[in-house]
Asker: 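Take a look at the following structure, please.
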Amino acid sequence: MKRIAVYPGSFDPPTMGHVDIIERGAALFDELIVAVAVNSQKQPFFTTEERVEILKECCADYPNARVDSFQGLLVDYAQSQGASAIVRGLRALSDFEYEFQMASINRKLNEQIDTVCLLTRWEHAYLSSSIVKELFINGGDATGLAPEATLKKLAKRRAAG
Ligand code: ADP
């Protein structure tokens, strides 16, 4: 049986930390679905389409990774895709509390889908989408922190003023 996992997130925008989890998740599962969570309550920095486009470029090197977006309950989406696992990344202790809560709720909702947390590489431990956005807003350079596809979209945003 094919082992399918969903890696969900806001990815607003994708960072090198996300790319690292994609690479490692794709190595662990037969298929990895990188899924942009559409949250109508939040005003995103990049549109869902832009984030999907960036992630598609990031996944180009991993033939068993594909990109999608979803709305509603994650476990329902995961089940609709035939996934048996949810992949998440852990940076600091503060991530753990949130991830533990989400994993517990998701297990309660669907016992068949387990959550697998991958520990960040130490060089990405401080890295978040918020840091990349903050840098951009203040005129900084996010080279090395975000993948080329994100940097290109940020440059486009800057050029547009
Ligand atoms: P969400 O809003 O769902 O937390 P994010 O896009 O912020 O979405 O993150 C998606 C997932 O990627 C989360 O599990 C988060 O912990 C993980 N992640 C984010 N940044 C890093 C990083 N630098 N290293 C490892 N995992 C990360």
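Counting starts at 1 for both ligands and their atoms, following the listed order. In this chain, residues are counted from 1 in sequence order.
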Asker: Using a 4.0 Å cutoff against the non-hydrogen atoms of D95, which atoms of ligand 1 qualify?
Answerer: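 Those qualifying, in numeric order: 16 (O).
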Asker: For R157, look at atom CZ and say whether over 12 heavy atoms of other residues, nucleotides or ligands are found less than 6.0 Å away.
Answerer: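 Yes, CZ of R157 has more than 12 neighbouring heavy atoms, counting only those of other groups under 6.0 Å.
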Asker: Which one of R88, E123, K42, H18 has a non-hydrogen atom at the shortest distance from atom 3 (O) of ligand 1?
Answerer: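 Going through R88, E123, K42, H18 one by one, R88 has the nearest heavy atom to atom 3 (O) of ligand 1.
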Asker: Just which atoms of ligand 1 are under 4.0 Å from any heavy atom in G17?
Answerer: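 It comes down to these atoms of ligand 1: 22 (C), 23 (N), 24 (N).
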Asker: Looking at atom 6 (O) of ligand 1, what's its closest protein heavy atom, distance included?
Answerer: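 Its nearest protein heavy-atom neighbour is F11 N, 2.8 Å.
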Asker: Output yes when E31 and K2 qualify as a salt bridge under the 4.0 Å nitrogen-oxygen rule, no when they do not.
Answerer: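 Judged by the 4.0 Å cut-off on N to carboxylate O distance, E31 and K2 do form a salt bridge.
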Asker: In the protein, what heavy atom is nearest to atom 12 (O) of ligand 1, and what distance, to one decimal place, separates them?
Answerer: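 In this structure, atom 12 (O) of ligand 1 has Y7 OH, 2.8 Å as its nearest protein heavy atom.
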Asker: Do Q112 and R107 have side-chain atoms, one donor and one acceptor, less than 3.5 Å apart?
Answerer: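 Distance-only check fails for Q112 and R107.
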Asker: Before signing off on this row, confirm whether S10 and ligand 1 have an N or O atom pair separated by under 3.5 Å.
Answerer: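 Yes; the residue has a nitrogen or oxygen that sits under 3.5 Å from a nitrogen or oxygen of the ligand.
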Asker: Which residue and atom name correspond to the protein heavy atom nearest atom 21 (C) of ligand 1, and how close is it?
Answerer: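 Result: R91 CD, 3.6 Å.
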Asker: So which heavy atom on R51 is nearest to which on F46, and how close?
Answerer: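 Smallest heavy-atom distance, with atoms named: NE-O, 2.9 Å.
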Asker: Heavy-atom distances under 4.0 Å decide this one: backbone, side chain, both or neither, for Y98 against ligand 1?
Answerer: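 The answer is neither; Y98 stays 4.0 Å or more away.
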Asker: Is the shortest distance from a Lys or Arg side-chain nitrogen in D95 or R88 to a carboxylate oxygen in the other one below 4.0 Å?
Answerer: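 Judged by the 4.0 Å cut-off on N to carboxylate O distance, D95 and R88 do not form a salt bridge.
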Asker: Just heavy atoms, cut-off under 4.0 Å: does D12 contact ligand 1 by side chain, backbone, both, or neither?
Answerer: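 Neither part.
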Asker: Taking the cut-offs as 6.0 angstrom to the six-membered ring centre and 45 degrees off its axis, would you call R91 and F96 a cation-pi pair?
Answerer: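 Output no; distance or angle outside limits.
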Asker: Students often mix this up, so state it plainly: with edges at 30° and 60°, are the rings of F11 and H18 parallel, tilted or perpendicular?
Answerer: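 Perpendicular, since the angle between the ring planes exceeds 60°.
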Asker: Does even one non-hydrogen atom of M16 get within less than 4.0 Å of ligand 1?
Answerer: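 For ligand 1, residue contact (heavy atoms, under 4.0 Å) with M16 is absent.
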Asker: Counting only nitrogen or oxygen atoms and a 3.5 angstrom limit, does T120 reach ligand 1?
Answerer: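 Yes; at least one N/O pair falls below 3.5 Å.
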Asker: Is the closest heavy atom of Y126 to ligand 1 under 4.0 Å?
Answerer: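 Flag not set, Y126 not near ligand 1.
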Asker: Salt-bridge test for R121 and D20: reply yes if a basic N is under 4.0 Å from a carboxylate O, no otherwise.
Answerer: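 Salt bridge present between R121 and D20.
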Asker: Centroid separation under 6.0 Å, is that true for the rings of F45 and F136?
Answerer: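 Yes - the distance between ring centres of F136 and F45 falls below the 6.0 Å cut-off.
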Asker: For atom CD1 of I137, is the number of surrounding heavy atoms from other residues, nucleotides or ligands below 6.0 Å larger than 12?
Answerer: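 Atom CD1 in I137 is packed in, count exceeds 12.
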Asker: More than 12 heavy atoms of other residues, nucleotides or ligands under 6.0 Å from OH of Y126: yes or no?
Answerer: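 Enclosed.
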Asker: Using distance alone, decide if ligand 1 has a nitrogen or oxygen within less than 3.5 Å of any nitrogen or oxygen in G9.
Answerer: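 In fact, backbone or side chain, G9 has no N or O that close.
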Asker: Looking only at N/O atoms, are T15 and ligand 1 under 3.5 Å apart anywhere?
Answerer: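 N/O-N/O distance under 3.5 Å: no.
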Asker: Please report whether ligand 1 has a polar contact with A125, defined as an N or O pair separated by less than 3.5 Å (distance criterion only).
Answerer: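 Min N/O separation from ligand 1 is not below 3.5 Å for A125.
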Asker: Could you tell me which atoms of ligand 1, counted from 1 in the order shown, lie closer than 4.0 angstrom to a heavy atom of H124?
Answerer: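 Taking each heavy atom of H124 in turn, ligand 1 has 22 (C), 23 (N) under 4.0 Å.
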Asker: Does any N or O of ligand 1 fall below 3.5 Å from an N or O anywhere on G89, backbone included?
Answerer: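 Indeed, backbone or side chain, G89 has an N or O that close.
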